[in-house]
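Order of the sequence lines sets the chain letters (A, B, ...), proteins ahead of strands, with each chain counted from 1.
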Amino acid sequence: MRGSISNRRLFEPRSLRDALRMLRDEGPLVPMAGCTDLYVSLNFGTLKDTRFLNLWRLDALRKIETRGAGVSIGALATHTNIMRSALVGKRLPMLAAACREIGGVQIQNRGTLGGNVANASPAGDTLPVLAAADAVVVLASAGGIRRVPFTAFYTGYRRSVMRPDELIVAFDIPAVHGRQWFRKVGTRAAQAISKVVMAACDDDRPRIAVGSVGPTVVRLPRTEAALASGASIADARRTLVDEITPIDDLRSTAEYRRRVAANLLARCLTEFGMS
Amino acid sequence: MRAVGRNVLRKDGVSKVTGAARYIDDLTFPNLLYGRTIRSTIPAGEIAGVHLNFDTAGFTIVDYRDIAGRNIVALIEDDQPCLAEREIRHVAEPILLLAHADRERLLAADVQIDYRASTPNYDPAASAITFKTITIDKGDLDRGFAAADRIVEGEYRVGHQEQLYIEPNGVIAVPGPDGPGGDEGGIVIYGSMQCPYYVHRAITVLLDLPDDHVRIIQTETGGGFGGKEEYPSMIAGHAALLARKARRPVKIIYDRVEDMLATTKRHPGIIRHRTGVTRDGRLTAMEIDVLLDGGAYATLSAVVLSRGVIHASGPYRCDHIRVRGRATMTNTPPNGAFRGFGAPQTQFATEVHMDRIADALGLDPVRVRDINALRPGDTTATGQRLGRDCSARQVLREAVARTDFTRRRKALAGSNRGIGLSLFFHGSGFTGGGEVKLASKAALALTERGARILVASTEIGQGTRTMHAQIVADTLGVPYDCIDVNAADTGEVPNSGPTVASRTCMIVGRILQRCAEDMRARLGAMTPRQYLRAHGPLVVTKEYEKPSDITWDDSSYRGDAYGSYGWACDVVEVEVDRDTWQATPVAFTTVHEIGKAIHPMLAKGQIEGGSAQGIGYALIEEVVMRDGRMANGQLTNYTIPTTLDTPAIEVVMLENPYKHGPFGAKGVGEMPIDGPAPAVINALRHAGFDLREIPATPEKIMRARSASPEQRRPSAERESLRSSARSGSELGVGPQRAK
Amino acid sequence: MPITLTINGTRTRITAHPMTRLLDVLREDCGLTGTKEGCGEGECGACTVLLDGVPVNSCLVPLAQADGTHVATIEGLRGRHPLQRAFVEHGGAQCGICTPGMIMAAVALGRKPSMDAMRVGLAGNLCRCTGYWAIYRSIRSAAGASKR
Ligand SMILES: Cc1cc2nc3c(=O)[nH]c(=O)nc-3n(C[C@H](O)[C@H](O)[C@H](O)COP(=O)(O)OP(=O)(O)OC[C@H]3O[C@@H](n4cnc5c(N)ncnc54)[C@H](O)[C@@H]3O)c2cc1C
Ligand code: FES
Ligand code: FES
């Protein structure tokens, strides 16, 4: 049942500084980006918060630009912005691939990278890409900037190190030199929630991350280490299965997720030319 | 120019593409209140207390004690209360109604219900309450099995399916004095619905009002598929109760979640087959057991079961058939009408079973069907002798030829693609004596330029208005544009029966045609205008007339179950992803014989749309019930096909006219959904995955038995040679056993 | 504080809670009921409108975020867009509830969309009636018509 809004209050910052000050002085406030997650909960009546901060006007957070040999993507960049960016297409095609598979065009036009990450669903499609690419989350508060490795961002199911007075302002993604790979396995062919989602790259050594197979997106350090020291695909599959903790839920089963994750790994490694 | 057979512009086309068409949520009234339904959160038990934890000022609050008439949703059985009194039989059962002018306050109102919970039952086989049993007997089963070389058995399961019309249920109730009955307190109800006269009857019973004090007006309806057949009587009752108490108009619009949790779905079922066949593939005996899960109240389960069992032996000739059907009660929200109405469930089983028979005999699936397909002059399970309009073999042959099925099947063998087919039929109109009992009426009023159609048949997207206008235009001999269609408003149109059962064209269309014939005779050489000047207004009303060659005996379940049948064959090619077990339909061909396509484009639209729904039913639409509650009642978790899930659908329409149908037309609305699921499962079987259950989600495909003969485990198949065959009852495949 | 946006070419001042859904503003404050609500969860696309030219689900857009934008709804096509005629002629609309959103999403596909562009571009618009192919045929035919 729809939630009511008359009891809610919206803060309208004009600049990032404004926003950070409001977070410090008026907090806690719930940041609103594209609202493709927030308004679903509002419409379902499950959104209990009453004070919100509208980020949508902070155009400075929409930039997609080069940063050294890598890329920096503003938190408010939409999935459409990202998949259309020539820079991302060239340097981080696996992210473009992920954004292309999010929702339908309407969602892509509003949903943001920052929102996908801050929403912290283990099924978020861009998350494995950021994890595999060793991205850095740039957090800002009135007190200053903090840079957190993406792999250290989540602390548990829907929990992260982000403080209530902080915003995600950008993601810094270092250059990825080797091949990149992305695959989403959803509940249907389009507009689907992931049952398993995997991203990988083989820089000097393979880096692999999987979503929807545990409380948070996970990198696979043991599988990666095994592969770096020459493990076969069959061995890597076994290690991966030990490293993930999928569950049965509304959308799939633990067994399916385990077997599919192993198959995707094998497929990816085969495409990377390993055996 | 004649209209029938041409793609004239649909009557409601322009208003729909401009946004001008008014659906129920688009309407408003002065002094409008919004209504909200408080529902049970437990599947079984009793209400122990109701607490209103909010300031009730300005609220209208209704419970069962406010009901002036009978507290039932009048339909077939009178078992379902409009508002629960004490007993709770399912989650989301309506208990209390609230209305308020301010939606925010309405939403914020907190009601707490205390319960004494009892133990729910979710297993239809273990149910203590049976809503209906039906047995169809043809020939002598023992003789049939004695003539068999082999016996093939199988058990097949189908899950719930949600209709998922894109417009949720909604109504507005407007009480007198402006309405009928004036100050005496009549009521007008506007709403999204398929059957205004069902709602009319339910409201007169609920409010204890005379017929002429209740008026039901269908608003533009955003899809129904059966989901707005019986349920609107419930929501209309709620709005009416609130409106009467508040003496103000009340609007109730369900949001998507409420619609999914509370309203009817397709019946899940367990269907068992035990079939005797000769070595060369002839069916000698078919013993079929159908169990449908009716949910908590009877609603339409009896008639769904009826259509289900009549279609259970498929479009096949067999001298010895016994079908036993049962619909039982479980503590889940009531299941009800959904396009196909039992036939998709039972024909799924038949068609998957036919492929397994072919496999067991080492025969080609096309050949097994071709040998056994019904021909003109054959009799069905109920003993109905088929006329020349039986086209089972034609559709089969056309589909096989079109798709180059046999070669394709060989070519794909061993790959990750499979190709499968299904042959099916669907009776048009109400089952058995239903049409006689309904005695539907239709009327035609002469207008200056032509005529105005007065029927209670509703336009729900399928093209009722257009198709009726075409029939009338050609029969009357006036241009299509000169025919108007009245709103389906019980204050203005006669009771043409419900808009269900593929009957709107064949049955109601035929009554209208008779009205037009009569009107034309009366006009003689005069134009409508001249006639009106000379004789004043002219309204011709006709009632359904049973063709004399149709007979039915309800007590023995023998005779002509339907006036006519449509026939169809689907061929689908499915690709299974080797890493993810996701099955993608890559090519889909369907051949439909529908008597006569009054409007080829509309007919094709029904076939494409129904096929897409059938593909969803086959692969991705899964209602997850947890503790009696639909756990995935959101569009994000109950997934229907998107553009990318829907393959290209090649539609071939054949015409083999039915002599009593208007211009030869039979029904087309439901049939398309009967075939895709078994065709998909048969294709998966060809690709190496032996499933007996839908939806065939990747999780199930992953766990499916291998269908390749060398890997087949002996226990997987329960075929036995004739010498070791025992009778059905010994095997326990007759009456359903508890698990 | 009132919010100003341009709806179908007309500058409009709206006085409503800034968190009101754009969908409700259009339907209730502006009387533009052509935009439909099928789910309120961003899944069905029945509420699709163009916001500064791109399709969005108006059930997920807070009014505050539409401040200063151009919003185009089905009413803004004034019955004159080739797609509208084509949807009538080619069976693109059955029950019609998905149609306004579908047409707005189709408008955003541009002049002559490829089959792929249609299937991907309309994946966020659910239609339960047509099975989609009549919709593709409608769009195809409109593309042909607008060429002339
Ligand atoms: C129909 C539909 C389909 C979808 N499909 C997919 C899909 O396929 N894959 C997928 O991954 N997701 C999907 N989503 C979810 C959603 O679209 C994405 O997660 C999107 O990226 C969220 O971005 P947003 O800007 O809309 O977030 P919002 O809804 O605005 O915010 C989400 C959360 O993030 C917080 N937040 C937002 N920005 C910041 C910031 N800069 N700093 C700190 N906190 C912030 C908000 O406070 C809120 O808690 C879908 C959603 C819908 C409705
Ligand atoms: S109502 Fe907005 S997407 Fe369904
Ligand atoms: S036409 Fe009915 S949902 Fe599309």
Minimum heavy-atom distance [X]-[Y], with the two atoms named:
X	Y	value
B/Leu164	C/Arg128	O-CG, 3.2 Å
B/Thr221	C/Cys95	O-CB, 3.6 Å
B/Pro641	C/Leu126	O-CD2, 4.1 Å
B/Gly19	C/Pro100	CA-CG, 4.5 Å
C/Gly38	B/Pro168	O-CG, 4.2 Å
C/Gln84	B/Val17	NE2-O, 2.9 Å

So, the part of B/Arg339 with a heavy atom under 4.5 Å from chain C: the answer is neither
Under 4.5 Å to a heavy atom of chain C? For B/Ala20 that would be neither
So do the side chains of B/Thr643 and C/Met118 get within less than 4.5 Å of each other, counting heavy atoms only? no
Most heavy-atom pairs under 4.5 angstrom with chain C, which of [options]?
options	value
B/Asp26, B/Val14, B/Thr642, B/Ile615	B/Asp26
B/Ile649, B/Ile460, B/Thr636	B/Thr636
B/Glu621, B/Gln462, B/Met260, B/Gln606	B/Glu621

Greatest number of non-hydrogen atom pairs under 4.5 angstrom with chain B, of C/Thr99, C/Thr130, C/Leu83, C/Thr35, falls to C/Thr130
Given C/His81, C/His90, C/Arg80, the one with more heavy-atom pairs under 4.5 angstrom with chain B than any other is C/His90
- Message: I'd like to know if the side chain of B/Arg22 reaches the main chain of C/Thr33, judged simply by a donor and an acceptor atom lying under 3.5 Å from each other, with no hydrogens or angles considered.
- Response: no
Rounded to the nearest 0.5 Å, what separates atom [atom1] in [X] from atom [atom2] in [Y]?
X	Y	atom1	atom2	value
C/Arg85	B/Leu9	CZ	CG	5.5 Å
C/Phe87	B/Lys16	CZ	NZ	13.5 Å
C/Gln94	B/Asp12	CD	CG	10.0 Å
C/Trp133	B/Thr646	CH2	OG1	9.0 Å
C/Arg137	B/Met601	CZ	CE	8.5 Å
B/Thr18	C/Ile74	OG1	CD1	7.5 Å

Applying a strict 4.5 Å limit to non-hydrogen atoms, the region of C/Arg119 in contact with chain B is both
Applying a strict 4.5 Å limit to non-hydrogen atoms, the region of C/Glu28 in contact with chain B is side chain
Discussion item. Quick test of your reading of the model: are C/Lys36 and B/Asp25 salt-bridged, counting only N-O distances below 4.0 Å?
Written reply: no
